[in-house]
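Structure first, then comments.
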Amino acid sequence: MSGITSGTVFYLDQMIGIKPNRIASRTLDFSEVADDRAGAPEWVLYAMDQGETISSETSPESKLIFVLEGELHMLVDDMPCHLPQGASVCVKSDTWHEFAAQSSCKFLQIKI
């Protein structure tokens with residue numbers, strides 16, 4: 001699926017796969033359903049194998065992280081966050097944060 005269309009059922013957890021010793025990402029395309037194509041939401045799916053990490057970073061936009069599968073550990077502004085499947089956390093813009101896959105996991109990042 002290259003983009004998301006109106007009325008089509010999709011499963012976020014099936015739109016990305018976990019690959020051994022890798023981090024995969026996929027930006028979802030909402031341009032076909034957004035009222036304002038320039039303002040289409042930015043959703044990115046990530047899949048991380050157990051033990052993989054994303055080093056400390058910041059973003060000019062705030063974001064919501066939602067764990068679809070597995071277990072993710074984050075450090076958000078030096079505060080540890082344990083995120084099992086179904087858990088979420090918000091990260092304010094310009095806040096240092098990092099990711100570590102405690103087990104193989106999939107998560108969704110939504111810029112807010």
Side-chain angles (χ1 to χ4, degrees):
M1 177 189 303
S2 62
I4 295 169
T5 58
S6 181
T8 302
V9 175
F10 58 95
Y11 298 87
L12 292 169
D13 62 336
Q14 295 175 10
M15 296 178 78
I16 193 164
I18 295 169
K19 296 181 168 81
N21 304 310
R22 295 182 188 256
I23 299 170
S25 67
R26 179 179 184 184
T27 300
L28 302 181
D29 179 5
F30 289 94
S31 62
E32 293 183 36
V33 294
D35 291 332
D36 173 11
R37 290 181 189 265
E42 187 173 326
W43 290 22
V44 182
L45 288 170
Y46 288 89
M48 296 174 65
D49 197 12
Q50 182 175 1
E52 293 296 319
T53 62
I54 298 174
S55 57
S56 197
E57 63 183 13
T58 64
S59 172
E61 296 93 6
S62 296
K63 46 183 129 173
L64 171 91
I65 307 297
F66 173 71
V67 177
L68 300 162
E69 179 181 306
E71 185 178 355
L72 180 67
H73 285 193
M74 289 185 68
L75 199 57
V76 179
D77 203 19
D78 291 324
M79 296 185 328
C81 298
H82 171 245
L83 301 165
Q85 181 175 330
S88 299
V89 67
C90 287
V91 179
K92 190 165 174 59
S93 63
D94 302 315
T95 300
W96 286 99
H97 57 283
E98 57 190 71
F99 304 84
Q102 188 66 21
S103 66
S104 294
C105 66
K106 297 177 184 180
F107 65 93
L108 174 65
Q109 175 182 284
I110 303 171
K111 289 194 177 176
I112 52 176

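The chain is numbered in sequence order, starting from 1.
- Here the shortest heavy-atom pairing between Gly86 and Phe66 reads O-CE1, 3.4 Å.
- Here CH2 of Trp96 is found 9.0 Å from OG of Ser55. Values are rounded to the nearest 0.5 Å.
- Proximity of a side-chain donor or acceptor of Ser104 to a complementary backbone N or O of Gln50 within less than 3.5 Å is detected.
- Between Val44 and Ser25 the shortest heavy-atom distance is CG1-CB, 4.2 Å.
- Val89 pairs in a side chain to side chain contact (heavy atoms under 4.5 Å, CB included) with only one of the listed residues (Leu64, Ile65, Leu72), which is Ile65.
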How far apart are the C-alpha atoms of Lys106 and Tyr46, what are their side-chain angles, what is the distance that settles it, and do they pass the side-chain contact (heavy atoms from CB on, under 4.5 Å) test?
CA-CA 6 Å; Lys106 297 177 184 180; Tyr46 288 89; over 6 Å; no
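- Between Ile110 and Glu42 the shortest side-chain heavy-atom distance does not fall below 4.5 Å.
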Could you go step by step and tell me if Leu45 and Leu12 meet the side-chain contact (heavy atoms from CB on, under 4.5 Å) rule?
CA-CA 8 Å; Leu45 288 170; Leu12 292 169; 4.3 Å; yes
CA sep, side-chain torsions, deciding dist, call: Trp43, Phe30, side-chain contact (heavy atoms from CB on, under 4.5 Å):
CA-CA 9 Å; Trp43 290 22; Phe30 289 94; 3.6 Å; yes
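- Ile23 pairs with exactly one of Ile54, Thr53, Ile18 by the side chain to side chain contact (heavy atoms under 4.5 Å, CB included) rule, that one being Ile54.
- Within the 3.5 Å criterion, the main-chain N or O of Ser93 finds a donor-acceptor partner in the side chain of Ser62.
- Cluster membership check: Phe107 does not share its hydrophobic cluster with Tyr11, using side-chain heavy-atom separations under 4.5 Å among Ile, Leu, Val, Met, Phe, Trp and Tyr.
- Side-chain atoms of Ser103 come within 3.5 Å of backbone atoms of Glu71 as a donor-acceptor pair (strictly under, hydrogens ignored).
- Of all heavy-atom pairs between Gly70 and Val67, the closest is O-CG1, 3.7 Å.
- Counting only N and O atoms by type, the side chains of Gln102 and His82 include no donor and acceptor under 3.5 Å apart.
- Judged purely by distance below 3.5 Å, without hydrogens or angles, the side chains of Asp94 and Thr58 never pair a donor atom with an acceptor atom.
- Annotation: side chain of Met48 is in contact with side chain of Cys105 (closest heavy-atom distance under 4.5 Å).
- Considering only residues two or more places apart in sequence or on other chains, Gln109 meets the side-chain hydrogen bond (donor to acceptor under 3.5 Å, both in side chains) condition with Lys63.
- Here the closest heavy-atom approach between residue Pro20 and residue Asp49 is recorded as CA-OD2, 3.3 Å.
- Separating the CD1 atom in Ile16 from the CG atom in Leu108 is a distance of 10.0 Å, to the nearest 0.5 Å.
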Chi angles and distances behind the side-chain contact (heavy atoms from CB on, under 4.5 Å) call for Leu28, Met15
CA-CA 9 Å; Leu28 302 181; Met15 296 178 78; 3.6 Å; yes
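- Taking the side-chain hydrogen bond (donor to acceptor under 3.5 Å, both in side chains) definition, one finds that Glu57 meets it with His97, sequence neighbours left out.
- Contact between Val76 and Cys81 at its shortest, heavy atoms only, is CG2-SG, 4.0 Å.
- Nearest heavy atom pair, residue Gln85 against residue Leu68, reads CG-O, 3.3 Å.
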